[in-house]
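Okay, so here's the structure we're looking at.
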Amino acid sequence: MNRRDFLHLAAIGTTGWFLAPQGAIAESTSPTNFFSVPPLPYAYDALEPFIDRRTMTFHHDKHHAAYVSNLNRAIATVPELQGQSVELLLRNLSAVPDIIRTTVRNNGGGHHNHSLFWTGMNPNGGGAPSGQLAAAIEQQFSNLSALQEQFNGAGARLFGSGWVWLVLDSGKQLQIITTPNQDSPLMAGATPLLGNDVWEHAYYLKYQNRRADYLKAWWNVVHWAEIERRYIAAL
Amino acid sequence: MAFELPALPYERTALEPHISANTLDFHHGKHHNGYVNNLNNLVKDTEMGTMTLEEVVVAAAKDASKTAIFNNAAQVWNHTFYWNCMKPNGGGTPTGALAAKIDNDFGSYEKFREAFKAAGAGQFGSGWAWLVLDSTSLKVTKTLNADNPLTAGQVPLLTMDVWEHAYYLDYQNRRPDYAQTFLDHLVNWEFVAANFDQAIAA
């Protein structure tokens with residue numbers, strides 16, 4: 001099966017018309033291709049002027065791609081982990097053998113965090129959440145502005161590289177947390193709903209040292225419909 | 001007396017084309033300056049405000065309630081040291097006693113280079129690659145974020161900043177290219193040798 005056929009089947013698979021068994025797809029691709037970089041769900045320049053095309057190109061095609069290839073190389077060495085989802089690997093990191101645990105933590109985390117990041121943004125994003133998520137935000141933070149202020153503050157204070165998150169914790173409460181480097185909230189038993197990347201590579205070409213400006217601008221592209229979908233699925 | 005931002009030891013264009021004036025403007029004028037301002041605000045009217053920068057770094061590292069002071073003080077120190085580790089038309093190979101010690105402790109200058117590049121490339125996230133004197137041995141190490149060898153009792157001889165802000169405008173994701181260029185064209189070996197001579201004399 002060539003790559004185009006594979007993508008075609010995968011696309012059909014998501015519509016529910018053709019549910020290809022995961023194993024069949026994995027076998028038909030390169031043996032080290034356990035994970036792949038999902039294509040951006042919009043054009044590289046679609047988030048302009050808030051996130052520029054050049055940043056998106058390096059971030060998706062180079063940084064995310066490097067996490068995926070490092071993860072694939074590590075998983076290739078441990079047959080019993082092959083076929084596990086990245087979510088499962090991160091939730092059960094202690095089950096990953098010592099020799100590749102840090103690699104899976106950093107690169108599996110990098111793969112999962114970035115996958116959530118791309119789909120958590122949209123050119124028609126911004127605005128405010130609705131429905132159950134809006135109600136939960138009101139209950140937990142009083143209003144969206146208070147959530148955004150707390151989220152931006154946590155992102156600005158994070159020293160070094162990492163992520164700022166709105167998560168659903170194990171008690172099903174909304175919470176704002178930060179994680180260093182590529183650590184995933186899944187490692188702490190929380191479900192990531194909305195995450196912003198505050199590694200300098202996420203904003204340096206456009207915002208340089210002005211991380212606070214980036215954090216503020218980013219709300220213009222947040223895809224609340226997708227965040228609400230994640231919230232309902234996690235409840 | 002407040003801590004001060006030292007001037008760059010060369011012109012802002014002096015490291016071009018390897019490190020651009022644009023990068024140095026942000027790195028020195030915004031990042032380094034930001035750490036100095038934060039530190040001064042944090043230690044104002046406290047006993048740490050009267051200590052030397054090295055004393056603040058070492059003391060704050062031992063006190064979990066002083067993480068913000070440590071981060072800013074160490075970053076002030078690290079950046080001043082980093083500027084001095086570079087010069088226009090730098091690179092090449094060390095000479096004299098330092099060169100002999102590198103050959104002895106790493107096997108060869110080439111092996112040192114490989115270790116130093118690997119430390120820089122392998123520091124996940126933000127941080128620094130170092131050549132240090134640890135007791136009587138040279139070692140290559142890497143540290144996360146602001147962490148500094150002084151707190152481990154090691155003597156820093158050479159450092160390379162691998163926070164993305166150090167190289168992203170010029171090299172983007174290509175950190176290994178930045179590390180290669182740093183060794184080939186930027187290292188101020190006279191400064192490193194002076195640090196080494198001072199450390200073994202002490």
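Chain letters run A, B, ... following the sequence lines, proteins first, then strands; residues in each count from 1. The analysis underlying the following values was restricted to heavy atoms, covering all of them including side chains, and did not include hydrogens, waters or symmetry mates.
Enclosure of atom NZ in A:K206 by more than 12 non-hydrogen atoms of other residues, nucleotides or ligands within 6.0 angstrom is indicated. More than 12 heavy atoms of other residues, nucleotides or ligands sit less than 6.0 Å from atom CD of A:Q140. Surrounding CD of A:E80 are more than 12 heavy atoms belonging to other residues, nucleotides or ligands, all under 6.0 Å away. For CD of B:Q198, the number of neighbouring non-hydrogen atoms (other residues, nucleotides, ligands) closer than 6.0 Å is 12 at most. Around atom CZ of A:R105, no more than 12 heavy atoms belonging to other residues, nucleotides or ligands sit under 6.0 Å away. The environment of CD in B:E54 is crowded: more than 12 heavy-atom neighbours from other residues, nucleotides or ligands sit within 6.0 Å.
Applying side-chain contact (heavy atoms from CB on, under 4.5 Å) to B:F124 and the options A:T102, A:T103, A:N181 leaves one that passes, A:N181.
If you look at B:H31 and A:Y204, their ring centroids are closer than 6.0 Å.
Using a 4.5 Å cut-off between heavy atoms, A:R54 touches chain B through its side chain atoms alone. For A:H201, the parts lying under 4.5 angstrom from a heavy atom of chain B are both the backbone and the side chain. For a residue to count as touching a neighbouring chain, one of its non-hydrogen atoms must lie under 4.5 Å from one of that chain's; by this rule B:A146 touches chain A with backbone and side chain alike.
B:N173 and A:F58 get closest at one heavy-atom pair: OD1-CD2, 3.5 Å.
Taking CZ of A:F159 as the reference point, atom CG of B:N72 lies at 6.0 Å (rounded to 0.5 Å). Note that CH2 of A:W199 is 11.5 Å distant from CH2 of B:W163, once rounded to the nearest 0.5 Å. Here the CG-NE2 distance, from A:N209 to B:H27, works out to 11.0 Å after rounding to the nearest 0.5 Å.
The shortest side-chain heavy-atom distance between A:E200 and B:Y167 does not fall under the 4.5 Å cut-off.
Interface check for chain B: of the options A:R157, A:Q208, A:R210, the most heavy-atom pairs under 4.5 Å are formed by A:Q208.
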